[in-house]
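Working notes, structure below.
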There are 2 protein chains.
Amino acid sequence: MKESLTGCSVEESMRLLGGRWRLLLVSYLLDGPKRFNDLRRDVPGISQRMLTLDLRALEDAGLVKRTVYPTSPVKVEYDLTEDGKRLHPVVDVMKEFGLWLKQRDADKTAAR
Amino acid sequence: MKESLTGCSVEESMRLLGGRWRLLLVSYLLDGPKRFNDLRRDVPGISQRMLTLDLRALEDAGLVKRTVYPTSPVKVEYDLTEDGKRLHPVVDVMKEFGLWLKQRDADKTAAR
DNA sequence: CAGTATCCACAATGATACTG
DNA sequence: CAGTATCATTGTGGATACTG
């Protein structure tokens, strides 16, 4: 394969996952299936609107599966698909970098 | 101040790297130091403005070092710092996922 | 419970022109 | 060559109210 394609695949990933919440949602879904309001609780700060939009985007990308149980009131479960589970290493590496970054900046602030 | 939950470090990373171009720029800088116009060529589609802004952001985050050689005309080199090189695994994993994603979608399109 | 529907603010990005 | 400056457009996210 051409070299030019490899660079663009980073862009490709970021286009899908680059929002503020998407990868974060995925990181919670790695624990197992979750309901809508579970995710609202897990991700304090996200609005209903963004939660819906990002879940839809992940669903459209085939990374998340939405299951509706026709109880009353309805129960909806979100779960990673097999494709979605491919994000595990992505989440891990982002988490690790984020932790390091926060630690570094904490040290920087402390040193001032 | 936000809570220091593990999940939030994913958010932390994405806040810094979540733009359209930043991680892509880093991926090219992993090859070695590059000049401004090298990067413009490497990343077709990026505007001068965004290239400047994102390089500044990465510089401010301590991930990229900017070196000016006082020749005429001036030569400016951008290079990853040691901290910036910590992004290598991030880039790798994003590249890998992006490649897989493009391949999957190509197959999907072909099957239509 | 799990959403939609609106409306709005602001950030991100782009286009174009100009400069030391 | 390596940028700035300015303006316009698009995208992202938030607030609030409402619904089956």
Query raised in the report: Considering Watson-Crick and G-U wobble pairs with both distances under 3.5 Å, what does D:dG20 pair with?
Result: C:dC1
Requested in this report: Indicate yes or no for a side-chain donor-acceptor contact from B:S13 to the backbone of A:M94 under 3.5 Å, with no hydrogens or angles considered.
Outcome: yes
Query - Lys NZ or Arg CZ of A:K75 over A:Y69 ring: under 6.0 Å, within 45° - result: yes
Query raised in the report: Within the distance-only criterion (no hydrogens, no angle test), does the side chain of A:R20 pair as donor or acceptor with the backbone N or O of B:E11 below 3.5 angstrom?
Result: no
Report summary line: Quick note, B:K75 side chain, CB onward, closest among D:dG14, C:dT13, D:dA2 is D:dA2
Report summary line: Judged by nearest nucleotide, the residue sitting upstream toward the 5' end of DNA chain D, A:G18 or A:Q48, is A:G18
**Report entry** B:L53 CG to C:dT13 P, straight-line distance once rounded to whole Å
**Finding:** 9 Å
Query raised in the report: Counting any heavy atom closer than 4.0 Å, what does B:Y78 reach on the DNA or RNA strands: base, sugar-phosphate only, or nothing?
Result: sugar-phosphate
Query - Among C:dG14, D:dA15, C:dG3, the one nearest A:R49 by side-chain distance - result: D:dA15
Query raised in the report: In whole Å, what is the span from the CZ atom of A:R20 to the C1' atom of C:dA11?
Result: 12 Å
Requested in this report: Using heavy atoms to find the nearest nucleotide of DNA chain C for A:R15 and A:L55 separately, return the residue whose nucleotide is more 5′.
Outcome: A:L55
Query raised in the report: Rounded to whole angstrom units, what separation is found between the CG atom of B:D54 and the P atom of C:dG14?
Result: 9 Å
**Report entry** Any B:R56 side-chain N or O less than 4.0 Å from OP1/OP2 of D:dG3
**Finding:** yes
**Report entry** Rounded distance (Å) that lies between atom P of C:dA15 and atom CE of B:M50
**Finding:** 12 Å
Report summary line: Rounded to whole Å, the CG-C1' distance (B:L51 to D:dC1) equals 13 Å
Query - Distance, rounded to the nearest Å, where A:D42 contributes CG and C:dA2 contributes P - result: 13 Å
Requested in this report: Taking B:S9 for its side chain and A:G98 for its backbone only, find out whether a donor-acceptor pair lies under 3.5 Å.
Outcome: no
Query raised in the report: Which of these nucleotides, C:dG14, D:dT4, D:dG13, is closest to any side-chain atom of A:W21?
Result: D:dG13
Query - Protein-nucleotide distance (B:Y69, atom OH; D:dA2, atom C1'), rounded to Å - result: 15 Å
Query raised in the report: So what does B:R66 hit on the nucleic acid, given a heavy-atom distance under 4.0 Å: a base, only sugar-phosphate, or nothing?
Result: sugar-phosphate
**Report entry** Flag, side chain of A:D60 to backbone of A:A57, donor-acceptor distance under 3.5 Å
**Finding:** no
**Report entry** Comparing A:V74 and B:V76 on DNA chain D - which has the more 5′ nearest nucleotide
**Finding:** B:V76
Requested in this report: Could you state the atom-to-atom distance from CD1 of A:I46 to P of C:dA2 in whole Å?
Outcome: 15 Å
